[in-house]
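Computed from a predicted model, the values in this text were never measured in an experiment. Excluded from the calculations below are hydrogen atoms, water molecules and symmetry mates; all remaining heavy atoms, backbone and side chain alike, are included.
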Amino acid sequence: MKRALSFLLILLLLLPCGAAASAEAAVISITDAEGLQSIRSNPWGSYRLDADIDLAGIDWTPIPFKGQLDGGGHTIYNLTVRSFGSELRTTKDGNLKAYDTVFAGLFSTVEDAEISDLHLRGALVEVEATTHSFAGILAGYFDHSSIVRCSAEGRVRMVNTSVMVGVSGLVGYGCGSIYDSGVDVELFFEDRNFSFRCEEFMAGLLACGLANIDRNTVNVRGYDSCHGYVHNGGLVGMYYHCGMSFTPESMSNNTISGFISFFEDNPDRRAYCDATFGEHLQMPWRYTGNRSDFERRETKDYSRVLSPEACAEPDYFDEVFDPGCDSWGYTRHTCKNCGYSWVDSYTPPRHTPGEWHVSVQATVEREGQEQLRCTVCDTLLDERTVPPLIRVDSCRLDRRSITLYYGESLALTAEVLPENASGRAVQWSSTDPSVAAVDENGLVTATGKGTALITAQTEDGFGRDTCTVTVRYSLIQWLRNLFTGKP
């Protein structure tokens, strides 16, 4: 009894550890939009993308995330976000005034999370709000999280009537680390709050907050119409802890290009806008190696909303570009009047498969190999094994000997076994075609007096049989030959 109780106690002690280890090791594979949506039910999970994912036609609702996501170098494309997540978080401005805020992006909030090797292409985050809000292509909010080797390409557009607001190419608000990533984005913000001065933030990577930001590449085209306080930057709109317990170490070796066009309709004018950050209330201890080709474009004409379209009534025509072996397909929309264009409806790179070709010939002793290659770039697309050849066991003629008169013909038949043998095609030959000729179908024709040996041999060489053919003259042929020399 004591032994049984001791054994049971050991099991109880071991099972939780085993279960925890198993849960920690489990990585959930995602290959489609449904799998991506399933993160919503388990935001603490560990995930890996094993395919590119098309989100075309899906009105995406942002997901809160607290786990690990390995993009595997794959791309989520044609993301469209037109609503905020339901999650509320507190954001704070430069005076540490607090606001209850909502967020939009692929993820609404990213907290204590790791996201790596994930790419977003052809994204559109387009939201309108009457509450405090931030939007970014990857996430609206991140807290003590890391983003490594990721990229985002697309457009972020926000219209807002509230106070605490921001748009970014990657992440809206928060703290963490952004390394070795890139964005190519168009940003648009329109402030419709004429009663209160908003706190507005716009940037290529992080609209407002603190982060370690190293070795990133940013191309930003920003349009900001603000009746409050502008904080615009190529990397970060406002660099400040905003009440978060995070100490950044570095903002180094980043490359920034593009521009932000803006106005600040505000008598208490600040107009923060620069290549790295608009306003900074603190600095990382390492700030070096940043390169920029960034243009600050400020206007004091507040009469019209700044927009990428240069004309009041754009008229678009569409061009569809097919994908190539290593290039994405897409649709470009171009205004006939002002030339402004934008791109959407991406399709992934696609090879053109040819025919299967033998790369290793199969024999009766070994398997063979076939390859499928692209007819355009010769990339190997697929390989398959060819089973070993089945050798011929026997080849038997229906006659072992025949006698023909000169000029007569007779068809020989060869039985080859087994019937599924690989090289069972029969090749015919004669030892003396001047006596007996044979064609490829086994038809023997007597061509002269004498004896010849007809051979039937299978293509693989393992089956062989012979028939003796004797050719004689008929009496008439003999007499004719006697007097004319010809049978």
Side-chain angles (χ1 to χ4, degrees), residues 324-325 350-487:
C325 296
R350 182 174 64 231
H351 289 288
T352 303
E355 301 292 334
W356 286 95
H357 292 285
V358 175
S359 57
V360 178
Q361 185 66 53
T363 68
V364 294
E365 290 86 14
R366 70 179 184 196
E367 295 178 332
Q369 199 78 20
E370 289 184 331
Q371 294 182 339
L372 183 66
R373 291 185 174 273
C374 175
T375 59
V376 178
C377 67
D378 200 42
T379 295
L380 178 64
L381 304 180
D382 198 2
E383 285 186 299
R384 65 186 182 189
T385 299
V386 179
L389 301 180
I390 299 174
R391 62 175 292 172
V392 169
D393 290 336
S394 65
C395 174
R396 296 185 182 278
L397 293 176
D398 59 336
R399 297 172 184 248
R400 306 308 299 271
S401 65
I402 57 175
T403 299
L404 299 174
Y405 288 114
Y406 173 80
E408 283 187 329
S409 295
L410 179 70
L412 294 176
T413 302
E415 181 187 33
V416 179
L417 296 176
E419 293 184 354
N420 64 341
S422 303
R424 65 192 312 271
V426 175
Q427 299 170 341
W428 299 87
S429 63
S430 171
T431 56
D432 191 349
S434 66
V435 173
V438 63
D439 69 7
E440 68 274 11
N441 298 312
L443 181 65
V444 179
T445 301
T447 56
K449 188 172 180 292
T451 301
L453 197 65
I454 301 298
T455 300
Q457 180 167 303
T458 57
E459 188 178 33
D460 67 0
F462 291 106
R464 187 175 184 274
D465 202 4
T466 60
C467 175
T468 302
V469 179
T470 302
V471 179
R472 296 176 178 176
Y473 291 160
S474 66
L475 177 60
I476 294 174
Q477 290 172 339
W478 182 81
L479 291 173
R480 186 183 300 130
N481 183 62
L482 178 65
F483 290 105
T484 64
K486 295 181 180 179

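With contacts defined as side-chain heavy-atom distances shorter than 4.5 Å, the pair Thr379/Cys325 does not qualify. Counting heavy atoms from C-beta on, the side chains of Thr385 and Gln369 come closer than 4.5 Å. Proximity of Val435 to Thr451: side-chain heavy atoms (C-beta onward) are nowhere separated by under 4.5 Å.
Note: Tyr406 OH to Ile476 CD1 = 15.0 Å, rounded to the nearest 0.5 Å. Here the CD1 atom belonging to Ile402 is positioned 5.0 Å from the CG atom belonging to Leu412, to the nearest 0.5 angstrom. Here the CG-OG1 distance, from Leu404 to Thr447, works out to 10.0 Å after rounding to the nearest 0.5 Å. Once rounded to the nearest 0.5 Å, the distance linking CG of Leu389 with CG of Asn420 reads 11.5 Å.
Considering only residues two or more places apart in sequence or on other chains, Glu383 meets the side chain to side chain donor-acceptor pair (under 3.5 Å) condition with Gln371. Partners of Thr445 under the side chain to side chain donor-acceptor pair (under 3.5 Å) rule, at least two apart in sequence or in another chain, are Ser409. Checked against side chain to side chain donor-acceptor pair (under 3.5 Å), Arg424 has no partners two or more places apart in sequence or in another chain.
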>> Between Leu479 and Tyr473, does the side-chain contact (heavy atoms from CB on, under 4.5 Å) criterion hold? Intermediate values first, please.
In response: CA-CA 9 Å; Leu479 291 173; Tyr473 291 160; over 6 Å; no

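No more than 12 heavy-atom neighbours from other residues, nucleotides or ligands sit within 6.0 angstrom of CH2 on Trp478.
The salt bridge (charged side-chain N to carboxylate O under 4.0 Å, His left out) contacts involving residues 351-372 comprise Glu370-Arg384, where partners must be two or more places apart or lie in separate chains. For residues 451-470, every residue pair satisfying the salt bridge (charged side-chain N to carboxylate O under 4.0 Å, His left out) rule, not counting sequence neighbours, is listed here: Arg400-Asp465.
Scanning all heavy atoms of the two residues, the minimum distance from Asp398 to Ala411 falls at OD2-O, 4.4 Å. Nearest heavy-atom pair, Ala421 versus Val392, reported as atom, atom and distance to 0.1 Å: CB-CG2, 3.7 Å. Residues Ile390 and Pro418 come closest through the heavy atom pair CG2-CG, 4.1 Å. Scanning all heavy atoms of the two residues, the minimum distance from Thr458 to Cys395 falls at CG2-CB, 4.1 Å.
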Review item, side-chain donor-acceptor pairs of residues 425-433, under 3.5 Å, at least two apart:
| from | atom 1 | to | atom 2 | distance (Å) |
| --- | --- | --- | --- | --- |
| Ser430 | OG | Asp432 | N | 3.2 |
| Ser430 | OG | Asp432 | O | 3.4 |
| Ser430 | OG | Ala436 | O | 2.5 |
| Thr431 | OG1 | Leu453 | N | 2.8 |
| Asp432 | OD1 | Ser434 | N | 3.1 |
| Asp432 | OD1 | Ser434 | OG | 2.4 |

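The side chain to side chain contact (heavy atoms under 4.5 Å, CB included) test with His351 singles out one residue from Val376, Leu372, Asp378, Leu381, and that residue is Leu381.
For Thr375 (side chain) and Thr352 (main-chain N/O), a donor-acceptor pair under 3.5 Å exists by modelled atom type.
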